[in-house]
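Everything on this sheet refers to the single structure shown next.
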Amino acid sequence: MKSEEGQVHGLDSARLPKHVAVIMDGNGRWAKKRWLNRVKGHEKGSQTVRTIVQSCRKLQIPFLTLYAFSTENWARPRSEVSTLMHLLKQFLVSERKEMMEKGICLNVLGQLEKLPEDVQAKARETMADTCNNTQMTLNLALSYGSRQEITDAVHALAKKVATGELAPQDINEQMISNHLYTAGMPDPDLVIRTSGEFRLSNFLLWQSAYAEIFITPTLWPDFTQAEFIDILTHYQKRDRRFGNVECNMPSDGLPH
Ligand code: IPE
Ligand code: IPE
Ligand code: MG
C-alpha cells in the first residue's frame, strides 16, 4: 500500500483530511433496484460502514463521522426503524473487538436517550470500553439533527447567562462550537454524500462551514475503498481558500 515516503495509495499523507463526515444515503434505492426489501439495503450498507472505518484507520484519518440516523428518520415506518436499530446494535457488538484492537474510540452524536433501551445500553457500554483508544474517533450520528444540536447548545448557553456565569456579549463562535456534540473535535474537512442527492439533510450545519463537499451518485451499499481514495485524491487537489486569496490548506482548521 505504501509507495514513496509520505504517500499511501498515491495520497499525500500530510494533506489528508483530519475529519471526514459521510451522509450514508441510498440503501433503500439499492434494494429497490434489486427488487429487494429496504432491509437488505440497510444490511448491505452496514457492511460498507465496516469498509470505510477500516480505510480511515489505515490512512490514519483521526476523525470519522457517519450519519446513520437522523432526527427526521423517526418518521419512517416502525418496521424500518426497528431494523435500523437492530443493525446498529449488531454493529456495536460485532465491531467491538476490532475497535479495541485498532484503537478506535466510539462516540455517539445525537439524542442517545431517544434510542431503544437495549441499543442505548450497548452504545454506552461500547463508548465506555473504547474511550481510552487514541488512534481514531468514530462518531456515529444517531437520532442526530444539526438544528437540534444547535438548539441544545443555545439552551446550555442561555442557562449560563441566566445564572450569571456568562455575559451575553462574551458568547463567541468558539464557545458555541464547544457546546455542540462535536466539542473538542476539529471541524470536518470533507463531507461526502452518496446517492447523488445535493443536500445536507440537517447534518453538521455549523461544523461544515468550510468543509469540502463531494456528492457521488454511488449508492451507499456500493461505495468502496477505491472510490473513497479517489475522492481523497480529488480533495487534495482542491484549493481551500477559507475566504482568503491564496492557496491555503492549514492542517489545523481555519486561520484565526
Ligand atoms: C440511508 O439510506 C440510510 C438512512 C437514512 C438510515 P436510505 O434509507 O435513506 O436510502 P434511500 O435514500 O431511500 O435510497
Ligand atoms: C440523511 O438521509 C440521513 C442519513 C443518511 C442518516 P435521508 O435519506 O434521511 O435524507 P433525505 O430525506 O433524502 O433528505
Ligand atoms: Mg435516503
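The figures here come from the full heavy-atom set of this structure, side chains too, leaving out hydrogens, waters and symmetry mates. Just so you know, these numbers come straight off a predicted model, no measurement behind them. Every number for a ligand or one of its atoms is a count from 1 in the order of the listing.
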Given 3.5 Å as the limit, does a donor-acceptor pair link the side chain of [X] with the main chain of [Y], or not?
X	Y	answer
His9	Ile229	no
Asn139	Val108	no
Asn107	Met127	no

Among protein atoms, how many N/O/S atoms lie less than 2.8 Å from the Mg ion (ligand 3)? 1
For Asp189, the option from Arg15, Arg238, Arg240 that meets side chain to side chain donor-acceptor pair (under 3.5 Å): Arg240
Working to the nearest 0.5 Å, report the span between OG1 of Thr218 and CG of Asp25. 12.0 Å
Assign the ring pair Tyr210 / Phe242 to parallel, tilted or perpendicular, where the plane angle (0 to 90°) is split at 30° and 60°. tilted
So if I count the atoms of ligand 2 from 1 in the order they appear, which ones are less than 4.0 Å from some heavy atom of Arg193? 2 (O), 10 (O), 11 (P), 13 (O), 14 (O)
Counting each atom of ligand 2 from 1 as listed, which ones have a heavy atom of Arg199 under 4.0 Å away? 11 (P), 13 (O), 14 (O)
For the pair Thr71 and Gln148, evaluate side chain to side chain donor-acceptor pair (under 3.5 Å) and give the outcome as yes or no after the intermediate values. CA-CA 8 Å; Thr71 45; Gln148 185 61 53; over 6 Å; no
So that I know where these two stand, are Tyr144 and Tyr67 an aromatic pair - ring centroids less than 6.0 Å apart? yes
Output for ligand 1, non-hydrogen cut-off under 4.0 Å, lists Met24, Asp25, Gly26, Asn27, Gly28, Arg29, Arg38, His42, Ala68, Asn73, Arg76, Glu80, Leu84
Given Glu95, which of Lys122, Arg57, Arg50 fulfils the salt bridge (charged side-chain N to carboxylate O under 4.0 Å, His left out) condition? Arg50
Above 12 or not: heavy atoms from other molecules or residues under 6.0 Å from CG of Asn132? no
